[in-house]
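If you're wondering where the values come from, they're calculated on a predicted model, not measured in any experiment. What's counted below: heavy atoms across the whole structure, side chains too, no hydrogens, waters or symmetry copies. Here, residue 1 is the first one in the sequence, and each next residue gets the next number.
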Amino acid sequence: MPRLEIAADGFRLDDRPFRIVSGALHYFRVHPEQWADRLRKARLLGLNTVETYVPWNLHAPRRGEFRLDGGLDLPRFLRLAAAEGLHVLLRPGPYICAEWEGGGLPSWLLAGQDITLRSRDPRFLRAVDEYLAALLPPLLPFLGTCGGPVVAVQLENEYGAHGQDDGYLADLAGLLREHGVTVPLFTCDQPGDLKRGGLEGVLRTANFGSRVEAGLADLRALQPDGPLMCSEFWIGWFDRWGGAHTGRGAADAAADLDRLLAAGASVNVYMFHGGTNFGFTNGANDKGTYRPTVTSYDYDALLDEAGDPTPKYAAFREVIARYEPVPDAPVPARAPKLGHGPVELTHCAPLSDQPALFGKAVRAERPLTMEQLGQDFGFVLYETRLPDRGPAVLHAEEVRDRAQVFVDGQPVGVLEREGHEHALAFTVPRDGARLTVLVENQGRVNYGPGIHDRKGLLGRTLVNGREPARWSSRALPLDDLTGLALTPFDPKSPPVGPAFHRGHFQVGRTADTFLALEGWTKGNAWVNGFALGRYWSRGPQTTLYVPAPVLTTGRNEITVLELHASSTRTVDLRDRPALGPTEE
C-alpha cells in the first residue's frame, strides 16, 4: 500500500525516504486513446509520479449532472497510471487556473448576478460540496491509503494570488476530508504568495520556473521543516492569439532542474506534456486587456503537442538519472505523421440557414448572457429591429468577447473586448431592418478577479443612444453538428457572413496530422465530428493538431466554421505543426 507521509525530514513512502519526481499531464487535454502512450513516456523519462488537474466545468456541464465517461473517465486514467507504476498528484480545485476556460469553474455558477467565487459565499460552497460529493466517491479506491496511486491531493490552487481567507481554505479542507480524502493535502503558491495561500497543518509547496535557490529559501523560511517541493516547475509557457510562440531552451531548463534536485527538493515539471485546448476550452487572461489563449497547449514541454519527445526530454532524463533510477531504455522515437496534403471543401451553407443548431429564442428587454441561457461554450445570437432607416451607431457597454454585427444579414463590422472597441457606425437601409449580433465566447478568464466572466452583451446596448424595446437571445453551443445541412459550393453565389464548409478525404492508415488553414480568417474546425478547436489568421498558431484516433482508415470528413471569409476552398493536412515563431 503506497502510503505517503510528510515527515520533518521529507516525504516518506511506505516508511522509506521518497522524493516526488513528477510531471504534469492533464487527461482532459489528451485524447483518451493516447493516455497510455503518454504515461509510458513519463515512466521512461524517470518520473515516479504524474500530476493532473480536474476540470469541474467539463465533469459538471450542468448543475446536477456529472460525467466520468470517454475523455473524462478519470478512474481509467488512474488505472493506467497505476499500471505504469506511477503515483498521482490529484488537483481537483475547485479552481484550477490551468489556462483553462474559467479556471475550471462551471459557467452555471455565474447565472446569478452576485455570487463570489473562491470564497465562503454559501452558494459557492454548496456547489463545491455537490461537486466533491459526485467526484470523490468513484476515486476513493484510487487513494494511496486504499492501495491506489493517488498519494496526495491539492487544496485549491494558488489561492495566495487571489485572497487570504484561511477560513475558506479550512472549509475546503473539511469538505475534502468529509468526502473521504485520507491522503495528505498540499497547497501551492508562487513564492510571494506562500503566506496568504497556506493553511496551518497543510503542506505548503512553491511554484516557480527560475531562481531556484530563492524560491526554496522563501518556502523554507515559512515552513521550517518538512519536504521542500516545487509543485509547478515552469519549463515553458502558454501562448495567446496575436503573440509569439513562447519557448525556453532545454539546457537552461535542465540546469534549473538540476539545482532543484541537488537541493534535495521534490518537483512537478509543468508541463511534462501540455496537449490541446480542444473545442472551446481555452481560457484567457485579463490584466487590463483581454488576452485569449490559443488552442495549442504545447507549452514547449518535454513531450510536444503530438506526444513526441522534445530536446528537453533527453536533457531532463539525463539530469534525473543523476539522482533517481531511470529505466534502461532508449528515448522513445517520434511517431509517424500523416501528410495527406490539400483537401477541397466542396460543400457549404450559411450559419444562419442552420436553425437546428440554435437554441430557442428567448425574448427580453435586454440581451441575455450565455449563463442566463444555460450555456457554457460557443456563441450567442442576438436580434432586434431597427425602427428607422439612415445613419446609426451601435454602442455596447460590455462585449464579451467578440461581436459580429449584421443588418438584414449583411456584415457591417466587429466589436471586440480585446481592443476595447464598443461602438460601431453603419447605415440602416430600411425601416424595420433586422439587427443581428453574433457574440463569441473566446474563453472565460482563468486568473485573477476576472474569473467572474459572464459572456454575451452585458450592460446596456444602445442604437443611436437608445435601447431597443425588445431583443431575442439564442444559444449557439455548437456541441453537436449532426443536423448540419450543406449543399455544393456555387462560385456564383458564395455564402455571405459566417458559414460552414465541408470536405472529405481518404487515408490508408491513421496517424497524427496537423490541419493548416492558410487563406482562412477565423473560426472552428472539426474532423469526423471531433472538435479540434479555434483557428485565427492572426496567429501565432496556424495549424490544429489532429490526433490519430480521430481518423479512420478510408473516408474522413473535415468541417470548418469560417466566421468571415476565405480566399481558398482548400485546407491542408500536414506532417508537422506550425505554432509560430518562437520567443524565449
Side-chain angles (χ1 to χ4, degrees), residues 19-26 38 41-42 44-51 97-99 158 188-194 205-220 228-240 243-275 285 293-294 296-324 326 330-332 334 540-541 576-584:
R19 185 208 304 260
I20 295 173
V21 183
S22 174
L25 170 60
H26 302 157
R38 308 312 193 245
K41 289 170 179 172
L44 292 178
L45 176 67
L47 302 183
N48 56 35
T49 305
V50 291
E51 167 267 300
C97 185
E99 291 72 58
E158 290 194 326
C188 74
D189 289 279
Q190 297 179 43
D193 301 324
L194 281 166
T205 67
N207 295 348
F208 50 80
S210 60
R211 301 183 67 244
V212 170
E213 293 82 1
L216 294 179
D218 288 341
L219 179 58
R220 183 53 82 212
L228 284 171
M229 181 164 181
C230 178
S231 281
E232 288 188 15
F233 173 48
W234 304 319
I235 64 164
W237 207 244
F238 56 93
D239 297 338
R240 64 173 179 86
H245 176 49
T246 308
R248 182 181 181 187
D252 176 65
D256 275 338
L257 176 66
D258 198 6
R259 293 184 183 96
L260 265 170
L261 298 181
S266 290
V267 65
N268 176 57
V269 175
Y270 196 98
M271 297 288 297
F272 164 67
H273 173 46
N285 282 279
T293 303
V294 303
S296 172
Y297 201 64
D298 176 86
Y299 214 87
D300 197 28
L302 304 189
L303 299 183
D304 65 17
E305 189 174 8
D308 288 324
T310 67
K312 285 180 184 169
Y313 187 98
F316 275 43
R317 196 172 191 238
E318 181 180 337
V319 171
I320 293 170
R322 298 172 195 160
Y323 301 93
E324 299 291 332
V326 170
V331 171
R334 296 181 63 84
Q541 175 182 0
R576 62 191 61 194
L579 299 180
T582 299
E583 179 182 86
E584 293 191 12

(message) To the closest 0.5 Å, what do you measure between CZ (Arg19) and CD (Glu324)?
(response) 5.0 Å
(message) Checking side-chain polar atoms at under 3.5 Å, does Gln190 have a donor or acceptor matched by the opposite partner on Asn207?
(response) no
(message) Could you check whether Tyr297 and Glu99, counting side-chain N and O atoms only, form a donor-acceptor pair closer than 3.5 Å?
(response) yes
(request) Please tell me if the side chains of Gln541 and Leu579 come closer than 4.5 Å, counting only heavy atoms from C-beta onward. (result) yes
(message) For Tyr299 and Tyr270, I'd like to know if the aromatic rings sit close, meaning centre-to-centre distance below 6.0 Å.
(response) yes
(request) Hey, can you tell me if Trp234 and Trp237 have their rings parallel, tilted or perpendicular (30° and 60° cut-offs)? (result) perpendicular
(message) With no hydrogens and no angle check, just 3.5 Å: does a side-chain donor-acceptor pair link Ser22 and Thr49?
(response) no
(message) Would you compute the distance between atom CG of Leu260 and atom CD of Glu213 and round it to the nearest 0.5 angstrom?
(response) 8.5 Å
(message) I'd like to know if Arg334 and Asp304 make a salt bridge, using a cut-off of under 4.0 Å between side-chain N and carboxylate O.
(response) yes
(request) To the nearest 0.5 Å, tell me how far Ser266 OG sits from Phe233 CZ. (result) 14.0 Å
(request) Please examine the side chains of Val267 and Leu257, heavy atoms only from C-beta on, and report whether any two atoms are closer than 4.5 Å. (result) yes
(request) Return the minimal non-hydrogen interatomic distance between His245 and Asp239, and the atom names on each side. (result) ND1-OD2, 2.6 Å
(message) Salt bridge check, Asp256 against Arg248: does any charged N sit closer than 4.0 Å to a carboxylate O?
(response) yes
(request) Check Leu302, Asp252, Thr310 against Ile235 for a side-chain contact (heavy atoms from CB on, under 4.5 Å) and give me the one that passes. (result) Leu302
(request) Working to the nearest 0.5 Å, report the span between CG of Asp308 and CZ of Arg576. (result) 12.0 Å
